[in-house]
*Asks:* 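Take a look at this one; I'll ask things after.
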Amino acid sequence: MFQDENIINAYEIKGEDLDHVLNIFVRTNSGGKPLSKGDLLLSVITVNWAGSNNVNAREYVQDIVNKVAKYGYKVDKDWVLSCILYILDKDIKLTASNFDQSTACEIFNAKDEIANSIEAVCKLLNRYGMLERGLTSKLALLPIVYHIFKFKISRKVKQDFVNGQKQSVDTGIYADMRTWLFRTISTSFFTSGTNEKLKKIQDVQKLHGEEDNYPLSAIIATDSSLSISDKEISEYMRIEKKASFPILNIIYSSTDGICYLEPARGYDVDHVHAAKNFYDSDDKRYDTIPNLQLLGYDENRSKNDMSLSEWWDGKSSTEKTKYLQPANFSTDIRDFDMFFENREQMFSEILKKKLGV
């Protein structure tokens, strides 16, 4: 027997837990236009903003996402909402209860400073020479945005780096913020327990943060996994090409006021001495950090068509400085041992400085 009837499966929700409703909607809507929980929460905020000059929370957050993209970085609405909760000293879980009318009002009153603080961090990232592909966890940016927001220094930060101004990022508060960021990347700090870690850091910033003092030492002391020694530096030198981009980004980032990386450009990881020279060898050092470099897409393609000596000899003395090669760099494969040793030492010293070891 077959029954020809239209049947609708239904599930009755008991209670008035809005987060439960939102979670069900996100799951059941997976077959339609993708909507994150943040998308739905923006509707809640917009309702709470009703009567506030018709400002739309969704448009406000999307404007921030678009502005960040202009600097070469990708964030989504969920990240923006988590960032907002964090800098307002709230629980960063994306729940309806965390975006009640009181919090929505706080966001509305601080919306300009919030947007300016996030943009200021983007300017810092550009000045650091941070690339999207090297920025492995955007959560690491939250404590930096927090500091800039709390002390209302977004305007100062943006002025310090306006029109490519060569404000130093190697000393003072900008260097400490950079060290924090680079340590989280090199240690993969935010792979687990993110909310708990961020809460500890937030507590430290409340106690020790000052306008001209980013409390780096106190933040590092909150978690032993942020500690880096000479042993870790040596281990970084053994990282293979497939996982090398974040560490290479740190190595090639801004130094002494000079930055050769452009966040708007795409970069490849390239072997200095070509991999083909080692195909018949058991020596796998060729595929590790000391024999790797970051090259723009176009430059990497052109290099592949010529010998290393031809490529290197075609560079001016000014151009050569950006490739971070040892003094008296030899392109002869027979000198690979000396090259590898010298470049490993060079890169180790750079990492120690930038990671505050």
Side-chain angles (χ1 to χ4, degrees), residues 71-72 123-135 160-171 174-175 178 182 236-237 239 241 244-278 285-354:
Y71 287 90
K123 282 188 173 289
L124 265 179
L125 292 176
N126 273 191
R127 193 68 191 86
Y128 291 156
M130 201 68 226
L131 305 173
E132 165 64 23
R133 189 174 161 193
L135 196 56
D160 282 345
F161 301 104
V162 69
N163 297 325
Q165 195 165 300
K166 303 223 180 274
Q167 173 72 28
S168 175
V169 295
D170 296 300
T171 58
Y174 297 140
R178 183 180 68 175
F182 286 177
Y236 295 152
M237 293 298 106
I239 292 175
K241 179 181 178 180
S244 66
F245 199 98
I247 292 296
L248 285 172
N249 193 169
I250 293 172
I251 291 171
Y252 277 86
S253 65
S254 176
T255 303
D256 298 327
I258 301 174
C259 183
Y260 297 108
L261 298 179
E262 303 172 31
R265 292 184 62 194
Y267 287 83
D268 285 325
V269 177
D270 171 68
H271 292 102
V272 180
H273 283 280
K276 64 183 180 182
N277 293 318
F278 300 87
R285 292 176 300 165
Y286 79 91
D287 201 40
T288 59
I289 291 287
N291 188 47
L292 301 175
Q293 61 184 348
L294 291 182
L295 292 184
Y297 290 156
D298 293 339
E299 185 175 20
N300 190 35
R301 292 188 185 93
S302 65
K303 177 178 178 289
N304 284 340
D305 296 332
M306 60 181 74
S307 67
L308 176 58
S309 59
E310 182 184 2
W311 176 78
W312 186 246
D313 291 343
K315 303 295 180 183
S316 68
S317 57
T318 301
E319 286 180 306
K320 288 180 178 180
T321 58
K322 71 179 182 180
Y323 299 103
L324 301 182
Q325 302 296 356
N328 303 315
F329 164 53
S330 172
T331 59
D332 193 327
I333 190 62
R334 291 172 296 183
D335 295 325
F336 181 76
D337 286 343
M338 180 176 65
F339 158 79
F340 189 90
E341 180 181 341
N342 290 341
R343 205 157 188 254
E344 180 175 22
Q345 182 178 354
M346 179 183 183
F347 279 5
S348 295
E349 291 304 315
I350 290 173
L351 280 177
K352 286 179 182 179
K353 179 179 179 181
K354 292 184 176 180

*Asks:* Between Phe278 and His271, is a side-chain contact (heavy atoms from CB on, under 4.5 Å) present by the stated rule, with each step listed?
*Replies:* CA-CA 11 Å; Phe278 300 87; His271 292 102; over 6 Å; no
*Asks:* To the nearest 0.5 Å, what is the distance between CD1 (Ile247) and OG1 (Thr288)?
*Replies:*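 If we round to the nearest 0.5 Å, Ile247:CD1 and Thr288:OG1 are 13.0 Å apart.
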*Asks:* How far does CG of Asp268 sit from CD of Gln293, to the nearest 0.5 angstrom?
*Replies:*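 Nearest 0.5 Å value for the CG-CD distance: 11.0 Å.
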*Asks:* Hey, does Leu294 have a side-chain heavy atom less than 4.5 Å from the side chain of Val269?
*Replies:*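 Answer yes - side chains close enough.
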*Asks:* Less than 4.5 Å apart, any side-chain heavy atom of Arg127 and any of Cys259?
*Replies:*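 They are in contact (side-chain heavy atoms under 4.5 Å apart), so the answer is yes.
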*Asks:* On a heavy-atom basis, which atom in Leu135 and which in Met130 lie closest, and how many Å separate them?
*Replies:*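 Residues Leu135 and Met130, closest heavy atoms: N-CE, 3.8 Å.
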*Asks:* As an exercise, state the distance from CD1 of Ile251 to CD1 of Ile350, rounded to the nearest 0.5 Å.
*Replies:* 6.5 Å
*Asks:* List the steps, then state whether side-chain contact (heavy atoms from CB on, under 4.5 Å) holds for Trp311 with Leu308.
*Replies:* CA-CA 5 Å; Trp311 176 78; Leu308 176 58; 3.8 Å; yes
*Asks:* Give the intermediate values and the outcome of side-chain contact (heavy atoms from CB on, under 4.5 Å) for residues Arg178 and Tyr174.
*Replies:* CA-CA 6 Å; Arg178 183 180 68 175; Tyr174 297 140; over 6 Å; no
*Asks:* Any chance you could measure Tyr236, atom OH, to Lys352, atom NZ, to the nearest 0.5 Å?
*Replies:*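 Tyr236 OH to Lys352 NZ: 13.0 Å, rounded to 0.5 Å.
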*Asks:* With side-chain contact (heavy atoms from CB on, under 4.5 Å) as the criterion, how do Asn291 and Arg285 come out once you've worked through the C-alpha distance, each side chain's angles and the decisive distance to 0.1 Å?
*Replies:* CA-CA 7 Å; Asn291 188 47; Arg285 292 176 300 165; over 6 Å; no
*Asks:* Could you check whether any side-chain heavy atom of Tyr71 comes within less than 4.5 Å of a side-chain heavy atom of Leu125, counting everything from C-beta outward?
*Replies:* no
*Asks:* How long is the gap from CG on Asn304 to CD on Glu299, to the nearest 0.5 Å?
*Replies:*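 It comes to 11.0 Å.
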*Asks:* Measure across Ser254 and Val169 and return the closest heavy-atom pair with its distance rounded to 0.1 Å.
*Replies:*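 The answer is OG-CG2, 3.7 Å.
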*Asks:* Quick check: closest heavy atoms across Asp335 and Ser330, and the distance to 0.1 Å?
*Replies:*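 Closest pair (atom of Asp335, atom of Ser330, distance): OD2-OG, 2.7 Å.
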*Asks:* Give a yes or no answer on whether the side chain of Lys354 reaches the backbone of Phe182 with a donor-acceptor pair at less than 3.5 Å.
*Replies:*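 Between the backbone of Phe182 and the side chain of Lys354 there is no qualifying donor-acceptor contact (under 3.5 Å).
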*Asks:* Kindly say whether Gly129 contributes a backbone atom to a donor-acceptor pair with the side chain of Asn249 at under 3.5 angstrom?
*Replies:*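 Yes: the side chain of Asn249 pairs with the backbone of Gly129.
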*Asks:* Do the ring centers of Tyr252 and Tyr267 come within less than 6.0 Å of each other?
*Replies:*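 Tyr252 vs Tyr267: aromatic centres not under 6.0 Å.
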*Asks:* Tell me if a side-chain donor or acceptor on Thr255 pairs with a main-chain N or O of Ser253 at a distance below 3.5 Å.
*Replies:*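 Checked: pair present.
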*Asks:* Would the number of heavy atoms belonging to other residues, nucleotides or ligands and lying under 6.0 Å from CG of Asp313 be above 12?
*Replies:*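 More than 12 heavy atoms, drawn from other residues, nucleotides or ligands, come within 6.0 Å of this atom.
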*Asks:* Tell me if the aromatic rings of Tyr286 and His273 count as close, with their centers under 6.0 Å from one another.
*Replies:*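 Aromatic pair excluded; centres sit 6.0 Å or further apart.
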*Asks:* Taking all non-hydrogen atoms of both residues into account, name the closest pair between Ile289 and Ser244 and its distance.
*Replies:*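 Scanning both residues, the minimum pair turns out to be CD1-CB, 3.6 Å.
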*Asks:* In terms of heavy-atom contacts, does CD of Glu310 have more than 12 from other residues, nucleotides or ligands at under 6.0 Å?
*Replies:* yes
*Asks:* Just to verify, what does Phe245 make a ring-ring contact (aromatic ring centres under 6.0 Å, His included) with, not counting sequence neighbours?
*Replies:* none
*Asks:* What distance separates Asp270 CG from Lys303 NZ, expressed to the nearest 0.5 Å?
*Replies:* 4.0 Å
*Asks:* Is it true that atom CD of Glu319 has more than 12 heavy atoms of other residues, nucleotides or ligands lying nearer than 6.0 Å?
*Replies:*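 Enclosed: over 12 neighbouring heavy atoms sit under 6.0 Å from CD of Glu319.
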*Asks:* Mind checking ring-ring contact (aromatic ring centres under 6.0 Å, His included) for Phe329 and listing every partner two or more places apart, or none if nothing turns up?
*Replies:* Trp312, Phe339
*Asks:* Taking all non-hydrogen atoms of both residues into account, name the closest pair between Glu344 and Pro290 and its distance.
*Replies:*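 Smallest interatomic distance, heavy atoms only, reads CB-CG, 3.9 Å.
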*Asks:* Where do Ser316 and Thr318 land on the side chain to side chain donor-acceptor pair (under 3.5 Å) test, with the steps shown first?
*Replies:* CA-CA 5 Å; Ser316 68; Thr318 301; 4.6 Å; no
*Asks:* Side chains of Lys123 and Asp160: does their closest heavy-atom pair fall under 4.5 Å?
*Replies:*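 Side-chain contact under 4.5 Å: no.
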